[in-house]
Undergrad: 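To start, I am sharing the structure in question, which I have written as C-alpha cells.
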Number of protein chains: 2
Amino acid sequence: MTLPRKTEPPAAAGRTKMEDIARIAGVSVSTVSRALAGSSKVTGETRARIEAAVRQTGYVVNQVAQGLRLQRSRQILVLLPTIANPFFGEIILGVEEAAQAAGYSVLVGSTEGDLEREAALARQLHTGGVDGLILLTGRIPDGLADHAARGQVIAVSETIPGQHLPTVVIDNEEAAAAATTYLRRLGHHNIAHIAGPEGNVLTAQRVRGWRRIVGDAAGPPVFGAFTMDSGAAAMTRLLARPNRPTAVFCANDEMAIGALKAAHLAGLRVPEDLSIFGFDDITFAAFTDPPLTTIRQPRREFGHAAIAALLAGTPPPRLAFTLVERASTAAPR
Amino acid sequence: MTLPRKTEPPAAAGRTKMEDIARIAGVSVSTVSRALAGSSKVTGETRARIEAAVRQTGYVVNQVAQGLRLQRSRQILVLLPTIANPFFGEIILGVEEAAQAAGYSVLVGSTEGDLEREAALARQLHTGGVDGLILLTGRIPDGLADHAARGQVIAVSETIPGQHLPTVVIDNEEAAAAATTYLRRLGHHNIAHIAGPEGNVLTAQRVRGWRRIVGDAAGPPVFGAFTMDSGAAAMTRLLARPNRPTAVFCANDEMAIGALKAAHLAGLRVPEDLSIFGFDDITFAAFTDPPLTTIRQPRREFGHAAIAALLAGTPPPRLAFTLVERASTAAPR
DNA sequence: TGGCGACATACAATCGATTGCACGCACACG
DNA sequence: CGTGTGCGTGCAATCGATTGTATGTCGCCA
C-alpha cells in the first residue's frame, strides 16, 4: 500500500479560503459557495453564520480558482497602439467605468505598433486570461476568427477593413464633411487637409468627407502621422504651396496643434490669416492659443458602448459627433 | 456502488489542452508539462514529438490553470487617479515595456479618486488576481500591510506618507528649488508659485523647494488642482495681487498651460511681461505658445524602475530630473 | 406511529496545469 | 545471471472554487 503523497504547492499563500469559512461556520464548502452565490437554498441561521464568518475573516473569493472552474476570467483586454496618447486615455476611462460597473476589470496592452506584441497579447483570449478583446489598433491579429465569431472581439474608434467586426465609431466621413462645410460657410474657398498616415482607414474616410465638399479641383491632402511634429511639418509644406490655403482641416487635434505652431512660426495669425480646424476634441484643444475649433468624438461613450456590446452580444449603435466651435476659425479677410 | 457523476463544467471551451498534446505525442501530460517547462529530463525524440504536436495545434498553456497551481498570475496592477492624463500614460508605457519583457501583463485601474473603487481593485492582490501592485495614487488602500511587507507593493511618482514603501521618485524639493533658482538667476525677484492641491505630498515638497529659494518674504503660494482650469484660475488670482509677480513657477505643466492662457487673456506677453515655468515636461509642453520651460520627470524610466524593483525585490534608485529650457521664461524687463 | 414530501446540506467530480515520488527499462558489473 | 545505477516517464495529489446528485432531517398527515 502506498501512502498518499502530496505534491507540495509553492509557498502556501496562507490566504483565507472557502474551506476556512466553512469550518468556522460549521458547514461544508458547497454550502458556503451557494450562500455566496446568493442561492435561495441557503437560508436563515446557516446563512447568517456564513456571512458572519466572511465578515470576520475579510474573505474574498479567489478569482483564479473561480475563473478556472467557470471558464471565464471577468477580464477585458484593451489593445491600443500607444497609451501615451490622451485620445486613447479617455476611451479607456469609459471602458473602465462600464467594465467596473459590470464586475469586470480591464487589462491594457500597448502594442507600439509591434505585430508580434499584438499577437502575444491577443493570445490571452486562448489562454483563458481574458473574456473579451477591445481593439483600438485598427487591425486584428491572426487566429482570432473563432473568438470574433463568438462575439468576444470588438473594434473601437476605427473600423477594421475586411472584417465584419462589431465596431463602435462615429461616421468619420460625415464628420469630415461637416467640418469642411463649416469652413466653406465661413467663406473659405481654398481649404486644405492635413490627413493621417496613408493606408489608414480613418485617413481614407476623412479625406473622402473633405473631398466631397472641396471637389476635385482642390489639390491633394498632405499626409501626416497623427503627431504634433508631423502636423507642424505638414503645415510648413502647405505654406510653401503657390496658392496658400486660407483654412486647414486637420485629421486630429494633435496635428492641428502642430500646424498652429508652424503657422505662428511663419508669422501668420490664427484665425485672422489662417483658420485651423481639428478633430477629436482632446482636453488640450480648449487650451491652445487660440482654442481649437474641432469635431468632438464621444470617447467615454465609445468605451461604454464597447463594453455594453461585448457583454450583451448586441451590435453597438453608431455614435454621434459634435462640432465644437472655438476661436481658431473665422471668415477669411 | 455509485456511478461516477460529473459536475458539468460550463460550455466546454474546446481549446487545445495539455492532454491533447500528450495524446498526439503519445506521452503523459506530466512529460508534456516538463518538456514545456524546459526540464532537461525530457530529451531527444520524445521532446521532438511534443514540440511537433505543440506547433501543429498551436497550443498555448492556460494561464488561469497555471496561475492556480503556481499561485501566481504574472499580472501587475497599476492603480492611478485617472488614466485620461498624459502624465500617467507615459509611466504606464514604461511599466508595460518592462513588464512585457519580463513576461508579465499589466492591469490598469483608474480610481477617479474613489476610495471604494481603490479598495476593490487592490483586493485583487488577495484574490490571486495579481502578483504586484503599483500605486500612482499617492495613498495606499487598507489591508495591504502583509502584501507590502512581502514586497508586492510599490509607489511611483509620489511618496506615500506614513508608509515605508519602496518608491520610485525624483527629489521633488530639489527640483522645485532648481526651477526657482533658475528664475532667480534670470533676474526675477518676485517669483510666485502655483501649487498643487493642499494636503498633497507633492504639493508640500515643491512648495518647500520654492520657499527655500524665495524666502519667507514672498507671499503664500496659490493652490490649484493640477488641472488646466485650476491653473488659469490661480493665475487670475495672482494677477490681481498688488505687486504682480514677474515669474511664476507652476507645480505641473497642465496648470502652467492654464496659467499661460489666463496671462494671454489678461493681455500679458510671455515671456516678455511674465515668465512661466512648468513641471513634468508632458508632450504638449513643447507645443504651447511659447513652448514651456519645465522640469522633466523621466516617466518611462519610472515605469521601468518600478517593475524592476517589484520583480527583483530590491529598493528602487532615486531618479534624476532635468531642467528643460524653452521659451516661456526670460529675464524681466 | 409509519410513510411521504419538501427542503437544506454534504459528497465528490471537475476546470487545466505542476510536481514529488515510484517505477520501468537498459546497461554494466560482480 | 542477478542486482545495482541511472535516466526518463507516469501516477496521482494539489491549487480553490462550482454544482449535479445523494443524503439527511423535519413536519405533517393518515
Side-chain angles (χ1 to χ4, degrees), chain A residues 1-23 25-50 54 59-74 126-129, chain B residues 1-23 25-50 54 59-74 126-129:
Chain A
M1 146 170 188
T2 52
L3 289 176
R5 298 142 289 172
K6 314 200 159 203
T7 71
E8 208 57 33
R15 278 272 131 224
T16 351
K17 44 187 182 175
M18 209 171 257
E19 196 187 310
D20 302 323
I21 304 297
R23 191 164 3 84
V27 296
S28 77
V29 289
S30 353
T31 304
V32 176
S33 173
R34 274 188 261 262
L36 294 183
S39 158
S40 60
K41 303 192 113 187
V42 184
T43 56
E45 207 247 340
T46 307
R47 167 160 240 128
R49 277 208 318 278
I50 293 174
V54 168
Y59 169 80
V60 265
V61 328
N62 183 310
Q63 306 223 14
V64 178
Q66 194 179 51
L68 177 59
R69 172 69 226 223
L70 296 182
Q71 296 291 300
R72 67 163 163 54
S73 60
R74 293 192 154 277
H126 305 278
T127 68
Chain B
M1 149 171 186
T2 52
L3 289 176
R5 297 140 290 173
K6 315 199 159 204
T7 71
E8 208 56 32
R15 279 270 132 224
T16 347
K17 45 187 183 175
M18 208 172 256
E19 196 187 310
D20 302 322
I21 304 298
R23 191 164 3 84
V27 294
S28 76
V29 288
S30 351
T31 304
V32 175
S33 172
R34 275 188 264 261
L36 295 183
S39 158
S40 60
K41 303 190 115 185
V42 185
T43 56
E45 206 248 340
T46 307
R47 166 160 239 128
R49 276 207 320 278
I50 292 174
V54 168
Y59 169 80
V60 265
V61 331
N62 183 310
Q63 307 223 15
V64 178
Q66 193 179 52
L68 177 60
R69 173 69 227 222
L70 296 182
Q71 297 290 299
R72 68 161 163 56
S73 60
R74 294 194 153 277
H126 305 278
T127 69

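So that the names make sense, note that chain A is the first sequence line, chain B the second, and so on, each numbered from 1.
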Undergrad: Using 4.0 Å as the upper bound for N to carboxylate O, is an ion pair formed by B/K17 and B/D20?
TA: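 Not counted as a salt bridge, because no side-chain N and carboxylate O are separated by less than 4.0 Å.
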Undergrad: Looking at B/Y59, does any N or O in its side chain come under 4.0 Å of the phosphate oxygens OP1/OP2 on C/dA17?
TA: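 Yes, because at least one side-chain N or O of B/Y59 sits under 4.0 Å from OP1 or OP2 of C/dA17.
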Undergrad: Has the side chain of B/S30 got a donor or acceptor atom sitting under 3.5 Å from an opposite partner on the base of D/dC11?
TA: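 Yes.
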Undergrad: Base of D/dG10, side chain of B/R34 - is there a donor-acceptor contact under 3.5 Å?
TA: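 Answer yes: a donor N or O sits under 3.5 Å from an acceptor.
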Undergrad: Would you kindly give the CD-to-P distance between A/Q71 and D/dT19, to the nearest whole Å?
TA: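 Computing the A/Q71:CD to D/dT19:P distance gives 12 Å.
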Undergrad: Go nucleotide by nucleotide along DNA chain D from the 5' end; which of B/V29 and B/A65 gets its closest nucleotide reached first?
TA: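 In this pair, the answer is B/V29.
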Undergrad: Whole angstrom is fine here: how far is it from NE2 in A/H126 over to P in C/dG16?
TA: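 Distance, rounded to whole Å: 16 Å.
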Undergrad: Nearest 0.5 Å please: distance from the CD atom of B/Q71 over to the CG atom of A/N62.
TA: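 The CD atom of B/Q71 sits 7.0 Å away from the CG atom of A/N62.
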Undergrad: Using side-chain contact (heavy atoms from CB on, under 4.5 Å), reason through A/V64 and B/T127 one step at a time and then give a plain yes or no.
TA: CA-CA 7 Å; A/V64 178; B/T127 69; over 6 Å; no
Undergrad: Could you state the CZ-C1' distance from A/R74 to D/dT18, rounded to the nearest angstrom?
TA: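 A/R74 atom CZ is separated from D/dT18 atom C1' by 14 Å.
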Undergrad: From D/dT18, C/dG16, C/dA10, pick the nucleotide closest to the side chain of A/T31?
TA: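 Between D/dT18, C/dG16, C/dA10, the one nearest the side chain of A/T31 would be C/dA10.
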Undergrad: Measuring from the side chain of A/T46 (C-beta onward, heavy atoms only), which nucleotide among C/dT9, C/dA17, D/dA17 has the closest atom?
TA: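 Shortest atom-to-atom distance from the side chain points to C/dT9.
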Undergrad: So what does B/V64 hit on the nucleic acid, given a heavy-atom distance under 4.0 Å: a base, only sugar-phosphate, or nothing?
TA: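 Nothing, no heavy atom under 4.0 Å.
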Undergrad: Please report the distance, rounded to the nearest Å, between CZ in B/R72 and C1' in C/dT19.
TA: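 For the pair B/R72 CZ and C/dT19 C1', the rounded distance is 14 Å.
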Undergrad: I need the minimum non-hydrogen distance between A/A22 and A/S28, along with the two atoms involved.
TA: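 It is CB-C, 3.7 Å.
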Undergrad: Between A/M18 and A/Y59, is a side-chain contact (heavy atoms from CB on, under 4.5 Å) present by the stated rule, with each step listed?
TA: CA-CA 8 Å; A/M18 209 171 257; A/Y59 169 80; 3.7 Å; yes
Undergrad: Round to the nearest Å and state the distance from B/L70 atom CG to C/dT18 atom P.
TA: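 Computing the B/L70:CG to C/dT18:P distance gives 6 Å.
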Undergrad: Do any side-chain nitrogens or oxygens of B/Q66 fall under 4.0 Å of OP1 or OP2 in C/dT18?
TA: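 So the side chain of B/Q66 is within the cut-off, an N or O lying under 4.0 Å from OP1 or OP2 of C/dT18.
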Undergrad: How long is the line joining CD of B/E19 and C1' of C/dT18, in whole Å?
TA: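 From B/E19 CD to C/dT18 C1': 15 Å.
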Undergrad: Return the value, rounded to whole Å, for the distance between atom CG of B/L68 and atom P of C/dT19.
TA: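 Spelled out: CG on B/L68 to P on C/dT19 is 13 Å.
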Undergrad: Please report the distance, rounded to the nearest Å, between CD in A/E45 and C1' in C/dC7.
TA: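 Between C1' of C/dC7 and CD of A/E45: 16 Å.
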